[in-house]
Every structure is written in C-alpha cells, then in structure tokens.
Amino acid sequence: MKHLSIIFFVVTVGVFCFSCRQPVAPPAPYGPVPTADQLKWQQLEYYMFVHFGPNTFTDLEWGDGKEDPRVFNPAGLDCRQWVETAKKAGMKGIIITAKHHDGFCLWPSKYSAHTVRESAWKDGHGDVLKELSEACSEAGLKLGVYLSPWDRNHPAYGTPEYNRIFASMLTEVLSGYGDVFEQWFDGANGEGENGKKQTYDWPLFNRTVYESQPHAVIFSDVGPGCRWIGNENGHAGETCWSRLDTTGFEPGKAPAADTLSTGNILGVAWIPGEADVSIRPGWFYSSATNDKVKPLKQLLDIYYASVGRNSNLLLNVPPDRTGRIHPNDSARLMELRATLDAVFATNLLRGAKVAASAVRGNAPAFKAAHVLDSDFDTYWATDDSVTAATLEFDFPQEQTFNLLLLQEYVPLGQRVASFNVECWDDAAASWKLLATATTVGYKRILRLPTTTTGKLRINILHALACPTLNTVGLYKE
Ligand code: FUL
C-alpha cells in the first residue's frame with residue numbers, strides 16, 4: 001500500500017511539473033483569417049493609382065472607344081518619374097489602367113486593334129506596361145494592373161467569345177511583365193460598340209489571374225482578395241470589418257455601399273477593404289484641374305479615414321499629356337508624406353509602463369508590453385474566456401497627444417467590436433472618457449481631442465473572441 005502511494009505521489013508530481021513546462025497555447029484563429037498574400041498586401045497600406053490613356057488627351061472620363069488611337073502620344077513619357085514620385089511619397093506600389101472602358105490597351109495586345117501599337121506614340125513601337133514594370137522593379141515598387149472587362153471598342157464585346165478574348169488579354173498582361181501584386185477589376189458593365197452588353201465570366205477571369213499570378217490579390221466589389229470600400233471618396237466605415245458575405249453577389253452586383261464600407265461582422269470570407277480616391281476631381285488628367293489638387297487637410301482626412309480605418313489607400317495621381325506627373329500633384333504628395341513622417345516619428349508611449357487587467361495564462365509570451373515592441377508577431381492576449389479587458393499606460397511624465405493607433409494581430413482573425421479610451425484627470429482624481437469606437441482590425445487610428453495626461457487607459461468593451469493586440473501608439477498631430 002505504502003509502495004502504491006509513493007508511485008502515485010511520483011506520478012502526480014511528474015504530471016504537475018510537465019504541465020508547468022507546457023507553454024501557454026496561443027489563441028486559436030477566430031473566423032476567417034487572411035492568407036499570407038492578403039496579409040502582405042494589407043501591410044502595403046498605401047499605393048498609387050494611375051489613370052492614363054486616350055482620355056488623358058481628350059479630357060474625357062469615359063472614352064467611347066471610337067477615339068482615334070493616334071491621340072495617345074505622351075511624347076515625354078517618364079515612368080521612372082512616376083516611380084520616383086510614388087516612392088518619395090511613401091507609396092509601396094503603382095496600379096495602372098492597362099485597359100479602361102474605352103478598350104485602349106497600354107500594351108501592344110495581340111487581341112485588340114486599339115492599342116499603343118496603333119497610336120502615334122513612338123511610331124507604334126511603345127509599351128507603357130514594359131516601361132512601368134521595368135521602372136517599378138528597378139526601384140523595388142510593386143506593380144498592379146486595372147483591366148476593365150467593359151470594352152466600348154472591341155468588336156466581340158457582347159458575345160461569349162469576348163470572355164475568352166478578355167481572359168487572353170489578362171494572360172498577356174499577367175505573364176509578360178513580372179510580378180503583379182494586385183489585379184484590379186471594375187464591375188462596370190455597359191454597352192459595347194454594337195449596343196450589346198456582356199455577361200462576364202468571373203470564375204474564368206479569376207482563374208486566369210491565379211494561373212499567371214498565384215500570389216496576386218484580386219480587387220473587385222466583392223473580392224476575392226480585397227473589396228471596394230463602397231465610395232470613391234477614400235473613406236472606409238468607422239466600423240470596418242475585413243469580413244464580407246458574398247453569396248449572391250458579384251462585381252457590378254455588389255452589396256449596398258454601406259455594407260461595403262463596414263463589412264459584415266460575421267462575414268464568412270476574409271475580404272479587407274481598399275479605398276480608392278483621386279487626388280484631383282477626375283480620375284484622368286485634365287489641365288482644367290491643375291489647381292484643383294486636393295488640399296493637404298483633405299488628404300490627411302482621407303488617410304485617417306482609410307489606413308486609419310482598417311483599409312488600404314489607393315490614391316490616384318493621373319499623369320499629364322507629356323506622360324509625367326504634374327508638379328502640383330507631386331508637391332502635395334510630398335507635403336502629405338512630410339506631415340505623416342513628422343506625426344508618426346515618435347510613439348509617445350515609448351518608456352511608459354503598461355499593465356493589463358488580464359494576460360493569457362499569465363504567460364510572458366502574451367504580456368501587455370508586446371503592444372510596445374515593434375514586432376508584428378508578438379501580441380498581448382487574454383484567456384479565451386476573457387473578451388473584455390483593459391490596458392493601462394503610466395507615463396514617466398505627462399504627454400500631450402491627439403492620435404491613438406491600435407493594431408490587432410489579424411493573422412488570428414478580427415475580434416474587437418467595441419472599445420473606449422480614457423485619460424486620467426488629476427484635478428478630478430478620476431478617469432475621463434476621450435473616445436468610444438468599434439472595430440480595430442489590421443490598423444485603427446483615432447483622432448482624439450488634444451489631451452495632456454500622465455495615464456491612459458484603453459478598455460476593450462467587447463471582443464468576439466479574446467482580444468489580441470500587437471501595437472498601441474500615441475502621437476500628436
Ligand atoms: C470606376 C470607373 O468607371 C472610373 O472611370 C474609374 O476608373 C474608377 C476607379 O472606377 O468604376
């Protein structure tokens with residue numbers, strides 16, 4: 001008997017010690033999560049849209065496809081200047097209108113008779129995609145392409161044959177110019193030159209993209225890679241889920257605009273938002289808009305309403321008739337960059353003490369301090385049963401700020417549904433509410449009233465599953 005209890009004791013102690021050494025398991029993914037390509041795409045945050053083509057020379061927004069291709073003649077085309085401008089602006093890539101609704105191809109497509117080959121530019125020997133892809137790869141910028149399925153020029157548009165032709169055009173572009181990070185699909189579906197509309201074969205188009213570019217993120221109203229944000233003002237919803245329900249929808253037959261802006265809280269697919277907006281009133285260049293480039297204040301509002309609301313920002317900067325970005329646009333881009341660089345240069349939380357109301361398994365692997373290291377892959381988390389929790393920051397000395405930046409560790413899904421921010425009010429000896437908000441996602445930036453305080457508290461009021469935050473930043477605009 002004595003022998004047995006000794007064995008029992010040894011086994012119990014052994015099991016106990018073994019379990020002590022077990023690391024605390026990370027939270028299981030919650031709901032749909034980004035693919036590796038979608039995560040890399042989200043981390044790009046900000047890139048350039050380029051609308052360029054015959055419309056640049058005709059002052060039109062939608063050419064009807066009957067334009068003489070010889071109007072296209074950007075005699076001083078300088079894709080390196082676009083790339084340099086984008087790079088200095090802090091943009092990570094360029095998405096170009098390889099084919100807009102007028103059907104004109106910026107590359108000499110075998111499948112069209114309305115291309116750079118028929119233009120006056122370089123006597124028909126030019127290729128804008130070649131020049132841009134080379135300039136991008138020299139400078140380490142990503143290349144994306146917009147190809148409109150709506151084609152107001154192509155004689156086959158409106159027949160089943162056109163879908164195969166469009167797929168062949170996609171293959172030409174996507175296999176001939178190196179890596180493409182994003183395929184941009186417009187859902188527009190108007191009449192062609194013969195008055196007929198096309199029934200688009202979206203499964204064929206998407207399949208074709210992945211055949212040549214398996215890592216590309218496909219944009220459309222409803223993804224599958226990323227979604228339109230529902231407006232052309234560059235504003236995501238204040239609530240913005242990266243999740244969307246797409247059953248019964250397709251590009252051009254999209255969910256309501258406000259659904260696209262906010263996503264679906266329990267949406268079954270991971271389809272994060274992309275906010276597209278032009279720096280000028282139109283998408284294409286016109287000398288009439290040279291003095292209508294958006295002011296810095298408006299661009300900052302756009303930045304905080306897109307990147308600051310869990311959405312990527314695709315800012316259109318249309319080159320002029322010489323084929324260069326106009327100085328008014330580039331000057332504004334540089335002002336924006338300089339302002340953002342100055343604002344985000346120093347995290348005012350650096351040096352603060354941080355404490356959490358709960359830490360997953362009380363394990364250092366999930367401690368609150370991970371929100372202040374600069375490592376994307378380390379995060380603060382709570383136990384699975386804890387879906388409301390507080391992070392408190394104690395500053396070595398008072399700080400003055402008006403921007404709060406939060407990031408969720410989205411590889412495990414989007415979780416936070418509501419939170420608020422409070423500061424310590426010394427005079428009243430109590431906490432004072434600064435703001436209440438809903439989603440966080442990959443990145444959330446909240447503008448706050450300018451506040452001076454020694455202590456700050458972020459209360460996660462409701463998360464769909466235990467919160468996982470990897471970054472908190474505090475800044476002064
Ligand atoms: C829209 C198009 O109709 C506009 O011309 C522009 O290209 C915009 C980005 O997408 O649907």
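Remember, it's 1-based here, ligands and their atoms both numbered in the order they're listed. Scope of the values below: all heavy atoms of this structure, side chains included, with no hydrogens, waters or symmetry mates. Note that this is a predicted model, so its numbers are computed, not measured. Here, residue 1 is the first one in the sequence, and each next residue gets the next number.
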A.B. asks: Report the C-alpha distance between T439 and I265 in whole Å, list the side-chain angles of each, state the deciding distance to 0.1 Å, and finish with yes or no for side-chain contact (heavy atoms from CB on, under 4.5 Å).
C.D. replies: CA-CA 9 Å; T439 48; I265 180 169; over 6 Å; no
A.B. asks: Identify, with sequence neighbours excluded, every residue that meets side-chain hydrogen bond (donor to acceptor under 3.5 Å, both in side chains) alongside D37.
C.D. replies: H215
A.B. asks: Go through ligand 1 atom by atom and flag the ones less than 4.0 Å from a non-hydrogen atom of F49.
C.D. replies: 9 (C)
A.B. asks: Between the side chains of Y475 and N402, is a donor N or O closer than 3.5 angstrom to an acceptor N or O?
C.D. replies: no
A.B. asks: Is it true that a side-chain atom of S311 and a backbone atom of V307 form a donor plus acceptor pair closer than 3.5 Å?
C.D. replies: no
A.B. asks: Can you confirm, on distance only, whether ligand 1 has an N/O atom lying under 3.5 Å from any N/O atom belonging to W184?
C.D. replies: no
A.B. asks: What distance separates Y285 OH from N290 CG, expressed to the nearest 0.5 Å?
C.D. replies: 3.5 Å
A.B. asks: Hey, which atoms in ligand 1 end up nearer than 4.0 Å to a heavy atom of D186?
C.D. replies: 1 (C), 2 (C), 10 (O), 11 (O)
A.B. asks: Go through Y409 and W380 one step at a time and tell me if the ring-ring contact (aromatic ring centres under 6.0 Å, His included) criterion holds.
C.D. replies: CA-CA 9 Å; Y409 189 61; W380 162 64; over 10 Å; no
A.B. asks: If you count the atoms of ligand 1 from 1 in the order shown, which ones are under 4.0 Å from a heavy atom of H51?
C.D. replies: 6 (C), 7 (O), 9 (C)
A.B. asks: At what distance is the nearest protein heavy atom to atom 3 (O) of ligand 1, and which residue and atom is it?
C.D. replies: H101 NE2, 2.8 Å
A.B. asks: Under 4.0 Å from ligand 1, counting heavy atoms only, is it the side chain of D276, its backbone, both or neither?
C.D. replies: side chain
A.B. asks: Using 4.0 Å as the upper bound for N to carboxylate O, is an ion pair formed by D59 and R321?
C.D. replies: yes
A.B. asks: Less than 3.5 Å between some nitrogen or oxygen of W62 and one of ligand 1, yes or no?
C.D. replies: yes
A.B. asks: Please confirm whether Y146 comes under 4.0 Å of ligand 1, counting heavy atoms of the residue only.
C.D. replies: yes
A.B. asks: At a 4.0 Å threshold, what atoms of ligand 1 neighbour a non-hydrogen atom of E232?
C.D. replies: 1 (C), 8 (C), 10 (O)
